[in-house]
Amino acid sequence: MPNLSKVRLAGYGALLAAGLVAPFVAYPIFLMHALCFALFACAFNLLLGYTGLLSFGHAAFFGTAAYVTGHVVKTMAVPPGLGVLAGTAAATAVGFVFGSLVIRRQGIYFAMITLALAQLMYFFFLQTSFTGGEDGIQGIPRGHFLWMVNLADDRKLYYVVLATFLFGFVVIHRTIHSPFGQVLKAIRENEPRAVSLGYDVNKYKLLAFVISAGLSGLAGAMYAIVFTFVTLTSSDWHTSGEVVLMTLLGGLGTVFGPIVGAFAVVTLQTQLADKVGSLVTVIMGAMFIGCVLLFRRGIVGEAVGLYNRVLGRRPY
Amino acid sequence: MDSDYILEARNLAKEFKGFIAVSNVSLKVRRGTIHALIGPNGAGKTTLFNMLTKFLAPTSGTIHFKGRDITGEKPAQVARRGIVRSFQISAVFPHLTVLENVRVGLQRKLGTSFQFWRSENSLQELNGQALELLDDVGLASQANVVAVELSYGRKRALEIATTLALDPELLLLDEPTQGMGHEDVEKVRDLIRKVAAHRTVLMVEHNMRVVSHLSDTITVLQRGSVIAEGRYEEVAANPQVMEAYMGTAAHV
């Protein structure tokens, strides 16, 4: 399939170019907002699309990292780069604990337990003192990246965020196309068969869960630096739901789907919020239903399907 | 236990909420033989099979593999010891290619299966071996086909190739010819004979022609218990077996 990989390579090139010129065309804060969620959705897709596990509590990792980053950068005067690392590490650790608890369950039970654990985190953040409870953490200094780049400049910060996003994207891409990713796909395709071939499937699922949690954390940590505040919204179950919507809308189990989905949802939210107010939620819900009923493969999945049909290729 | 027997189940029983699916079954599988497990529907064959591969935990009884008690082990662990099973519904990875399917069986040996930072190109060193296995089952020309597009009989062959990738000492086949056309049945039958040359095979099978053709020993189950065991001729002549199959004393 040399053609397909050429098309893909061209796609990567075009996206990268778009990413580089974007802050001169669009509002950088909006772009960073979308990039944070794009990374979040990609991390989520690693678990749902490539391992077949539906987590309904991914905001816990996003929120944990955002709070930890916000806290250490604001009160301990840690530089933002280190703060993001601390947040990501915390999310990874929480991911390991949650994952160890939940990995034995499947399907709806898996989704419900992740939701319950995420709610546990939410109430912990609400009650504990370092998060500021209802007020959240405000006024997180953006500081300097590597003591040189002044991140108070939105455009400079944008490029750091873009680079971080690309790092996360490459990690996910590599994970999918690694010996480990191959086993994950096998587990998704036929779990009993993977067991009968001698794979301890729970260990593989746990590692996928931890990688996904860690990268969700990376997204949350960046979010805290970009917006200079963290509130309870970051760990709210709505946020867990949004990432599911983004992934499904963009295309489950496709490389670019979650990115497209994240940009679509964030665009709608920011464009519509001041026009229709709380109706945004209704519109999101309608989109979700439409997506499930009409185009199950999501935007990218349907586009790839159409492309293959036009070329007379069979799916796969 | 003497080393003649590779697998020995002692007094195995399985109860599902009061329903006794398998009661007090003892079974010895002799090394290097093809051993068939037959019986009418609901006799407990698949339940017994699932217990032997640890996919179900027995209510009581023990299982020994090469003299070692494996009753408390996990299915993946048992697979690594060398007992590899197939499934009633053909067990391939549908959206992986034929080659990738076999490679999943091979790649665990490389010890890189947890390495998410390594390129999957590193798996290509297994391609030669995978192709050899595919050649053995007559699928080499379809290595790059996605498994879901294979015919039923070929999926079965692919499944066997994947199983052989683990080089198991004991192969457990759950109804290998179920749902197959006449031609495919013969192909799979020949394939089983071929792969059994250096291994032990225990299979559940309904097709009596396959069973009579292949088996060294046959164990007949009925309502969760062993009612007969022996060579095909012996078992077929057993009045209890005829009764179980036909309801009357007719030939099997």
Side-chain angles (χ1 to χ4, degrees), chain A residues 1-2 4-5 43 46-47 49-52 92 104 167-168 170-212 214-215 252-254 297 301 308 313-316, chain B residues 50 53-55 74-97 100-126 144-149 159 162-163 165-166 168 171-172 174:
Chain A
M1 289 183 277
L4 196 65
S5 57
L46 174 66
L47 204 56
Y50 291 94
T51 323
T92 311
R104 283 159 232 277
F167 166 77
V170 167
V171 169
I172 290 167
H173 198 265
R174 174 37 60 91
T175 303
I176 292 166
H177 298 287
S178 69
F180 173 68
Q182 196 71 22
V183 179
L184 285 188
K185 276 176 235 168
I187 293 171
R188 179 196 64 187
E189 296 274 301
N190 192 337
E191 184 168 336
R193 181 55 170 165
V195 171
S196 82
L197 294 177
Y199 292 103
D200 287 316
V201 294
N202 284 348
K203 286 186 192 161
Y204 291 85
K205 287 185 189 171
L206 179 60
L207 180 56
F209 194 89
V210 171
I211 294 172
S212 175
L215 291 170
L252 182 64
T254 62
R297 291 184 289 182
N308 283 339
R313 278 207 203 103
R314 287 209 272 168
Y316 295 105
Chain B
N50 281 334
T53 46
K54 309 306 304 159
F55 274 70
K74 293 201 178 108
Q77 211 172 351
V78 170
R80 291 195 292 268
R81 288 206 186 284
I83 307 181
V84 182
R85 67 168 295 177
S86 73
F87 293 82
Q88 226 174 68
I89 305 154
S90 85
V92 297
F93 302 113
H95 296 113
L96 302 184
T97 67
E100 283 171 336
N101 262 274
V102 179
R103 262 190 353 205
V104 171
L106 289 169
Q107 79 170 82
R108 200 168 38 75
K109 283 186 302 201
L110 289 181
T112 61
S113 289
F114 280 108
Q115 298 185 2
F116 60 86
W117 56 89
R118 189 185 277 266
S119 165
E120 65 186 348
N121 291 336
S122 65
L123 296 175
Q124 283 178 0
E125 64 173 280
L126 298 171
N144 293 317
V145 174
V146 177
V148 72
E149 294 186 359
E159 191 188 337
T162 308
T163 304
L166 272 75
L171 207 56
L172 274 75
D174 195 358

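Numbered from 1 within each chain, the chains take letters A, B, ... in sequence-line order.
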Looking at CG of A:Asp200 and CZ of B:Phe114, how far apart are the two atoms once the value is rounded to the nearest 0.5 Å?
-> 7.0 Å

Just how far is it from atom CD1 of A:Ile176 to atom CZ of B:Phe116, taken to the nearest 0.5 Å?
-> 13.0 Å

Counting heavy-atom pairs under 4.5 angstrom with chain A, the leader among B:Gly105, B:Pro94, B:Pro75, B:Ser122 is B:Pro94

Quick one: what part of B:Thr163 sits under 4.5 Å from any heavy atom of chain A, side chain, backbone, both or neither?
-> both

Contact origin within B:Leu123 toward chain A - heavy atom pairs under 4.5 Å | side chain

When rounded to the nearest 0.5 angstrom, what distance separates NZ in A:Lys185 from CD in B:Glu120?
-> 5.0 Å

Go through B:Ile83, B:Thr162, B:Val78 and name the one with the most non-hydrogen pairs under 4.5 angstrom from chain A.
-> B:Thr162

Geometric cation-pi criterion B:Arg108 and A:Tyr199, 6.0 Å radius, 45° cone | yes

Checking heavy atoms, do the side chain of B:Gln115, its backbone, both or neither come under 4.5 Å from chain A?
-> backbone

Criterion side-chain contact (heavy atoms from CB on, under 4.5 Å) on B:Ser119 and A:Arg174, from CA distance to verdict = CA-CA 7 Å; B:Ser119 165; A:Arg174 174 37 60 91; 3.5 Å; yes

Determine the minimum heavy-atom distance between B:Thr112 and A:Pro179, stating which atoms define it.
-> O-CB, 3.5 Å

So which part of A:Leu184 gets closer than 4.5 Å to some heavy atom of chain B, the side chain, the backbone, both or neither?
-> neither

Decide side-chain contact (heavy atoms from CB on, under 4.5 Å) for A:Arg193 and B:Glu159; before the verdict, give the C-alpha distance in whole Å, the side-chain angles of both, and the deciding distance to 0.1 Å.
-> CA-CA 10 Å; A:Arg193 181 55 170 165; B:Glu159 191 188 337; 3.7 Å; yes

Would you name the heavy atoms of A:Glu189 and B:Leu96 that are closest together and state the gap between them?
-> OE1-N, 4.1 Å

Check: A:Gly198 main-chain N/O paired with B:Arg80 side-chain donor or acceptor under 3.5 Å | yes

Would a 4.5 Å heavy-atom cut-off, applied to side chains only, mark A:Leu197 and B:Leu166 as touching?
-> yes

